[in-house]
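Convention: sequence-line order gives letters A, B, ...; per-chain numbering from 1. These figures come from a predicted structure and were not determined experimentally.
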Amino acid sequence: MSFPSLQEQLDVITANTVEIISPAELEQKIQHSLKTGAPLKVKLGADPSRPDLHLGHSVVLRKLREFQDLGHEAILIIGDFTAMIGDPSGKSKTRPQLTAEEARQNGASYFEQASKILDPHKTTICYNADWLGKMTFADVIRLSSHYTVARMLERDDFERRYRSSEPISIHEFLYPLAQAMDSVHLRNDVELGGTDQKFNLLVGRDLQREYGILPQVCITMPLLVGTAGEDKMSKSLGNAVCFNDLPSDMYGRVLSIPDNLIENWCRLLLPHNGEGRRAILEGWEEEPRSAKRRLAREIVTQYYSTTEAEAAEEHFDRLFVHKKAPTEIELTLFSEPELPLVDLLLALGAAASKNDARRMIQQNAVSIDEERILDIKAVITLSEEPKTLKAGKRKFFRIATAANS
RNA sequence: GGGUAGGUAGCGAAGUGGUUAAACGCAACAGACUGUAAAUCUGUCGACAUAUGUCUUCGGAGGUUCGAAUCCUCCCCUACCCA
């Protein structure tokens with residue numbers, strides 16, 4: 001097993017990072033690895049309470065992949081046990097707790113999605129219930145004696161919640177300790193996380209030291225800004241681009257980011273040696289439009305393929321630039337030959353309620369075969385020949401009667 | 001255990017007996033505009049109906065009243081203070 005040189009490794013590892021605690025220790029660890037030929041154990045904790053991975057997660061996953069490419073060992077910890085606690089990081093509210101079974105299922109899905117970035121054959125997967133679940137209450141008490149309430153309250157989000165009189169449950173204090181135990185158990189050399197995980201990573205470091213293990217190096221990565229350009233990307237804020245989004249959705253969402261985000265996204269989301277990355281970084285200021293289109297294509301290509309990326313672009317142009325109906329729309333069959341438009345919209349899922357459907361009609365949002373319909377009492381006559389129904393800018397349906405003779 | 005302040009629509013937050021389905025902000029949805037699903041502007045935003053009508057909502061359960069989110073009783077939940 002031969003590793004790249006110390007300097008080469010450091011160049012790759014430090015790129016895009018926010019903080020490395022501490023750089024000197026990192027260097028020592030790499031040198032030690034070079035000397036002994038033993039790869040570094042690099043830990044990334046996965047929270048299976050949110051099994052929908054989005055581009056924000058990919059920043060950290062990509063860093064882990066870089067470690068893999070350098071020849072080190074990537075360990076993905078599925079926090080099935082800690083998910084039953086719920087990570088309080090950055091949250092103003094207690095997270096919902098998962099059952100063991102949900103956590104396992106989500107964990108499997110997490111790994112599957114993460115495999116779009118990681119090399120799945122070189123990734124070690126662990127479930128932390130395997131060791132945390134075996135701890136006795138006495139073990140937990142011993143563990144918690146290593147930390148103090150004051151130190152816990154140092155943490156930003158806890159402090160904020162405490163000051164603004166919001167509830168903090170005792171079990172939330174146990175979360176950082178539990179996930180720090182993972183580091184004790186694994187004896188990993190490096191742990192990765194977003195900047196919001198800094199506290200947790202440091203607890204892992206402290207605890208390893210307490211248990212007489214060489215403390216891990218903590219590497220934090222920037223949090224990706226979401227499509228709206230302000231908050232960090234998060235599923236619940238609706239500004240996320242998910243791994244599992246359809247290519248066309250993914251493309252459109254990327255294209256919707258503000259122009260000033262192009263450079264940042266390009267740096268954090270595209271492979272450091274790719275030509276797409278270079279092209280975008282060079283050209284985005286002169287031609288933001290084409291740079292962003294390129295960025296969107298590159299991203300879709302990562303999760304799907306070049307072909308699908310191109311199809312997504314065509315689809316987008318057709319719908320939003322030329323304002324035409326998409327080429328392929330799913331056909332829905334109805335048994336009744338005549339249906340009130342309101343009921344039709346509800347049945348298709350285009351409207352949340354009949355009132356909602358009426359609203360859309362009144363707001364000029366509904367058309368059938370390019371013809372606007374403004375009458376909320378309109379009754380639509382269906383035939384075996386499909387009609388194209390458009391509700392809003394993005395919802396298209398093809399409707400017809402079921403052919404039963 | 002005692003005291004105090006609270007629990008309002010997806011979220012945040014007004015409202016303390018009747019023109020209150022409930023201000024306002026965010027989110028969401030629609031329209032216009034745009035290279036864009038961004039930004040901006042306009043409108044909508046409980047359900048059912050459409051003749052400005054009916055029904056269900058303000059932690060839960062009862063009660064007072066012609067009439068309650070608003071008053072009373074009990075219960076549940078949260079924060080803070082005192083033990």
(message) Regarding A:E19 and A:K198, does a basic nitrogen lie under 4.0 Å from an acidic carboxylate oxygen?
(response)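 Salt bridge present between A:E19 and A:K198.
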(request) Inspect the contact between A:D69 and A:K63 and indicate whether a charged nitrogen and a carboxylate oxygen are less than 4.0 angstrom apart. (result) no
(request) Summarise protein proximity over nucleotides 44-49 of chain B in one line of letters, 5' to 3': B for base, S for sugar-phosphate only, - for none, counting protein heavy atoms closer than 4.0 Å. (result) SS-BBB
(request) Both distances under 3.5 Å, Watson-Crick or G-U wobble: report the partner of B:A83, or none. (result)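 Matched B:A83 with nothing under the 3.5 Å cut-off.
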(request) Once you apply the 3.5 Å cut-off to both distances, tell me the Watson-Crick or G-U wobble partner of B:A30, or none. (result) B:U42
Heavy atoms from C-beta onward define the side chain here; which of [options] lies closest to that of [X]?
| X | options | value |
| --- | --- | --- |
| A:S165 | B:A38, B:C80, B:U50 | B:C80 |
| A:Y162 | B:C80, B:G35, B:A38 | B:C80 |
| A:K292 | B:A30, B:U36, B:A37 | B:U36 |

(message) Test of understanding: with side-chain contact (heavy atoms from CB on, under 4.5 Å), list the residues that count as partners of A:A74, not counting sequence neighbours.
(response)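 Scan of A:A74 (side-chain contact (heavy atoms from CB on, under 4.5 Å), adjacent residues dropped) gives A:L64, A:Q68.
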(request) Taking side-chain contact (heavy atoms from CB on, under 4.5 Å) as the test, write out the residues that go with A:N260, two or more places apart. (result) A:P258
Starting from [atom2] on [N], measure out to [atom1] on [X] and report it in whole angstrom.
| X | N | atom1 | atom2 | result |
| --- | --- | --- | --- | --- |
| A:N264 | B:A38 | CG | P | 20 Å |
| A:Q362 | B:U50 | CD | P | 12 Å |
| A:L319 | B:G35 | CG | C1' | 15 Å |

(message) Can you tell me whether the side chain of A:K393 and the base of B:U34 have a donor-acceptor pair closer than 3.5 Å?
(response)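 Answer is no: no donor-acceptor pair is held.
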(message) Rounding to an integer number of angstrom, what distance separates B:U42 and B:G60 when you compare their P atoms?
(response)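 After rounding to an integer number of Å, I get 37 Å for this pair.
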Which protein N or O atoms sit under 3.5 Å from an N or O of nucleotides 5-9 of chain B?
none

(message) Heavy atoms only, 4.0 Å cut-off, all strands: where does A:G392 land among base, sugar-phosphate and nothing?
(response) sugar-phosphate
(request) Give a yes/no on whether any side-chain N or O of A:K323 is located under 4.0 angstrom from OP1 or OP2 of B:U34. (result)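 Checking A:K323 against B:U34: no side-chain N or O falls below 4.0 Å of OP1 or OP2.
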(request) Carefully, step by step, assess A:R104 and A:D80 under the rule salt bridge (Lys or Arg N to Asp or Glu O under 4.0 Å). (result) CA-CA 6 Å; A:R104 282 268 161 173; A:D80 59 340; 3.1 Å; yes
(request) Answer yes if the side chains of A:D356 and A:S353 hold a donor-acceptor pair under 3.5 Å, and no otherwise. (result)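 A:S353 and A:D356 do not have a side-chain donor-acceptor pair below 3.5 Å.
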(request) Taking side chain to side chain donor-acceptor pair (under 3.5 Å) as the test, write out the residues that go with A:K43, two or more places apart. (result) A:S183, A:E191
(request) With sequence neighbours excluded, tell me which residues meet side chain to side chain donor-acceptor pair (under 3.5 Å) with A:D317. (result) A:R293
(request) Over all heavy atoms of both residues, which pair between A:Y127 and A:A108 is shortest? Give the atoms and the distance, please. (result)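 Shortest heavy-atom separation between A:Y127 and A:A108 comes out as OH-N, 4.2 Å.
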